[in-house]
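To start, the structure itself, in structure tokens.
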Number of protein chains: 2
Amino acid sequence: MSLPAPKLEGLPPSVRVVEVGPRDGLQNEPVTLSTMQKIEIVDLLSATGLREIEVSAFVHPDRVPQLADAAAVFAGIQRAEGVRYSALVPNARGLARAAQAGVAAIAFFTAASETFTAKNIGMTIPESLQLYRELIPQAASYGMHVRVYISTAFVCPFEGIVAPEVVLAMSEELLGMGADELSVGDTIGHATPAQVARLAHELARAAPATAIAWHFHDTSGFALANVLTALELGATAFDASAGGYGGCPFAPGASGNLATEDLVGLLEAMGVSTGVDLERLAVAAHAIERAVGRAAPGRYLRRLDAAAMTAAGDCGTPLTA
Amino acid sequence: MSLPAPKLEGLPPSVRVVEVGPRDGLQNEPVTLSTMQKIEIVDLLSATGLREIEVSAFVHPDRVPQLADAAAVFAGIQRAEGVRYSALVPNARGLARAAQAGVAAIAFFTAASETFTAKNIGMTIPESLQLYRELIPQAASYGMHVRVYISTAFVCPFEGIVAPEVVLAMSEELLGMGADELSVGDTIGHATPAQVARLAHELARAAPATAIAWHFHDTSGFALANVLTALELGATAFDASAGGYGGCPFAPGASGNLATEDLVGLLEAMGVSTGVDLERLAVAAHAIERAVGRAAPGRYLRRLDAAAMTAAGDCGTPLTA
């Protein structure tokens, strides 16, 4: 028996999986879910073993009406022991609403390219950093866990490739303000493993690996190759969305966030523990499929479905002449 | 500017892409294409820059009626300069038919698990090897390029994990018989990068890297992570299917072969040349979609579609409160 190749020997025994489906995954779906449907989905996700779930966002109800019920969703979910339930918050008003709703973990968001930041949040990058310089200590004073998303950390749909140094500088600044965690995002799903390797290498100077979560979209099918690369370079946390919903209106029809089942399926198959039960995750993903009315774009769910349908079966067209 | 991480510095300048869509991709589709449709698809693939295309199979027409027109397809295609057009052949009769049709490259097939081999080709593994011991020299005497598929080289749907040593032993034997190339297949798409690393490590003892092609299915979404791993360990050739068709009746609804666009998209984005034009590949994949009447399961095609639809666009739901 020969040894496995050295490069895959150093995988960590476990990683954190941050479920962003209820917020990032569903916010772009054309169907608006009822508050009860959202609560059911979060509760099903809570039962999978996931320990971090981004539940909703406290954003202006007129701008994002499908998330106007954030407080009601937080009030309705069954909080499982040891699970961190978080909300996206864009500004002081959102932070106040989150605090009022008893939310103990929040996420701010900016991006690493000016054009995207302007279009997404109507600020320059320095303006957004200035805002968070005020809000992060305020959130910390509420005892909240603070995550900051850095979108377009690899590629901007308007400006192209983003230099890793830009992400490094922003990361240093945000961690210096007291952010607990950064999520570096491949917002449009064009990042390659080579880019991931470069950014991981860069960020290792600024932050402990435990302060960085990697947020991949599967638009191009590259997400798990990127996960593997980050993992080999010390990554400890990945964002994912049950079913693989989410994504970007810039790429219509393209699949969205990395599917949580795909991520968990790969990690568990390589002996990297996630704490997540794949069969329960399939139950949650199926509930999302029913609520959204669109088949989940993720791959692994279909594998789980097939395994459930066919306990035994025949494989391959017999080709004997 | 810091350096990229060392592990992704060593990627090769180019790799071979073996297009298996016309045969492996389409043989399991419920729709039978007309001979003209098949010819059109092969011709469109020939125009992409692909240099190896598996066109059809000379198998018993009663067993696989959708491939009964193999000779007519070979007679009808426009052979592009420098492109290798190959056919699958299961036995002496198929080999004779291929020779008669002027086919210059053939592929035999066996598998690394007994149960799968029995169900797929009605032989034991040693029986299949004995057959090819006779047929490979015969094919070579016709001047044919000989590929042999080793299916279930990682996981068998009936027996589970396949030991890399089994694949190593078969590979040594087949190369010793005079096979030019082996294609090691993750037939049901369950292989992980850790398994790929182990098999690559093992095969490196038996064969030059140029004699091995890696054949991944994307059932679990793992295919490109597997490609990346193989590539880092010296792989020089990958099989793929335009649009991502193909797959296994054992996993209904699951996506099939790794999509050629996904493979080419990743490789080219990392500077690994394939010689394939992605826009022309999209044209071919769209022709397959029309012929088959089912959206291609690959990811990258939707990214190409989106890029074509939206030369400029807005990305991300603006979230400012």
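A note on names: the letters A, B, ... follow the listed sequences, proteins ahead of strands, and every chain is numbered from 1.
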Looking at [atom1] of [X] and [atom2] of [Y], how far apart are the two atoms once the value is rounded to the nearest 0.5 Å?
{"X": "B:R302", "Y": "A:D218", "atom1": "CZ", "atom2": "CG", "value": "14.0 Å"}
{"X": "B:L228", "Y": "A:T229", "atom1": "CG", "atom2": "OG1", "value": "4.5 Å"}
{"X": "B:R299", "Y": "A:R299", "atom1": "CZ", "atom2": "CZ", "value": "4.5 Å"}
{"X": "B:L301", "Y": "A:S220", "atom1": "CG", "atom2": "OG", "value": "12.0 Å"}

Minimum heavy-atom separation for A:G221 to B:D262, with atom names?
->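 Looks like CA-OD2, 4.3 Å.
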Answer whether the closest heavy-atom distance between the side chains of B:L224 and A:P193 falls below 4.5 Å.
-> no
Can B:T219 and A:R303 be counted as having a side-chain donor-acceptor contact under 3.5 angstrom?
-> no
